[in-house]
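Notes for the one structure printed next.
Starting from 1, each residue takes its place in the sequence as its number.
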Amino acid sequence: TRRSAAESYGCFTVGDIWTFVRAEGRLLPEGESGPRLGVTLSWSREYAERAEADVILRALRHIARSPR
């Protein structure tokens, strides 16, 4: 259910390329061994630091301002 979901945001870089990642964890229905954790990952396109620094900065500010 939505009540049991948790979100986390982050990013990683390789050289001057940035990629943003969103992870959503949620409890799945109980199985034979009890509740299970499901994780969904989604990521952005790659952003080139030299050409898209303003977009990267806006994304970082948005992540930092998002309520937890």
Side-chain angles (χ1 to χ4, degrees):
T1 64
R2 198 68 177 147
R3 288 186 350 219
S4 60
E7 289 181 317
S8 183
Y9 296 91
C11 65
F12 61 92
T13 62
V14 177
D16 69 344
I17 302 297
W18 289 61
T19 304
F20 293 90
V21 180
R22 176 182 169 266
E24 180 182 23
R26 65 197 169 292
L27 289 177
L28 299 174
E30 289 195 30
E32 292 179 15
S33 61
R36 299 173 296 149
L37 177 63
V39 177
T40 302
L41 297 175
S42 55
W43 51 91
S44 70
R45 67 176 182 85
E46 295 179 341
Y47 293 91
E49 185 175 287
R50 294 177 189 180
E52 300 175 286
D54 58 327
V55 176
I56 293 169
L57 183 57
R58 283 197 309 264
L60 292 170
R61 285 181 176 161
H62 178 75
I63 290 170
R65 290 182 186 148
S66 294
R68 303 277 183 241

inquiry  = Minimum heavy-atom separation for Ala5 and Glu24, please, with both atom names.
reply    = CB-OE2, 3.6 Å
query = To the nearest 0.5 Å, how far apart are OG1 in Thr13 and CZ in Phe20?
reply = 10.0 Å
remark   = Taken in chain and number order and not counting sequence neighbours, the residues that satisfy salt bridge (Lys or Arg N to Asp or Glu O under 4.0 Å) with Glu46 are none
inquiry  = If the condition is salt bridge (Lys or Arg N to Asp or Glu O under 4.0 Å), which residues does Arg50 pass it with, not counting sequence neighbours?
reply    = Asp16
message = For the CD1 atom of Ile17 and the OH atom of Tyr47, what is their distance to the nearest 0.5 Å?
response = 12.0 Å
task = Indicate, with yes or no, if Phe12 and Val39 share a hydrophobic cluster defined by side-chain heavy-atom contacts under 4.5 Å among Ile, Leu, Val, Met, Phe, Trp and Tyr.
result = yes
inquiry  = Is there a path of hydrophobic side-chain contacts, each under 4.5 Å between heavy atoms of I/L/V/M/F/W/Y residues, joining Trp18 to Ile63?
reply    = yes
query = Listed by chain and number, what are the side-chain hydrogen bond (donor to acceptor under 3.5 Å, both in side chains) partners of Ser44, not counting sequence neighbours?
reply = none
ask   = What's the spacing between Arg22 CZ and Thr40 OG1 if we round to 0.5 Å?
value = 8.0 Å
Pairs under 3.5 angstrom only: tabulate donor-acceptor contacts from the side chains of residues 51-60 to other protein residues two or more places apart or in another chain.
{"from": "Glu52", "atom 1": "OE1", "to": "Ala48", "atom 2": "N", "distance (Å)": "3.0"}
{"from": "Glu52", "atom 1": "OE2", "to": "Arg45", "atom 2": "NH1", "distance (Å)": "3.3"}
{"from": "Glu52", "atom 1": "OE2", "to": "Arg45", "atom 2": "NH2", "distance (Å)": "2.6"}

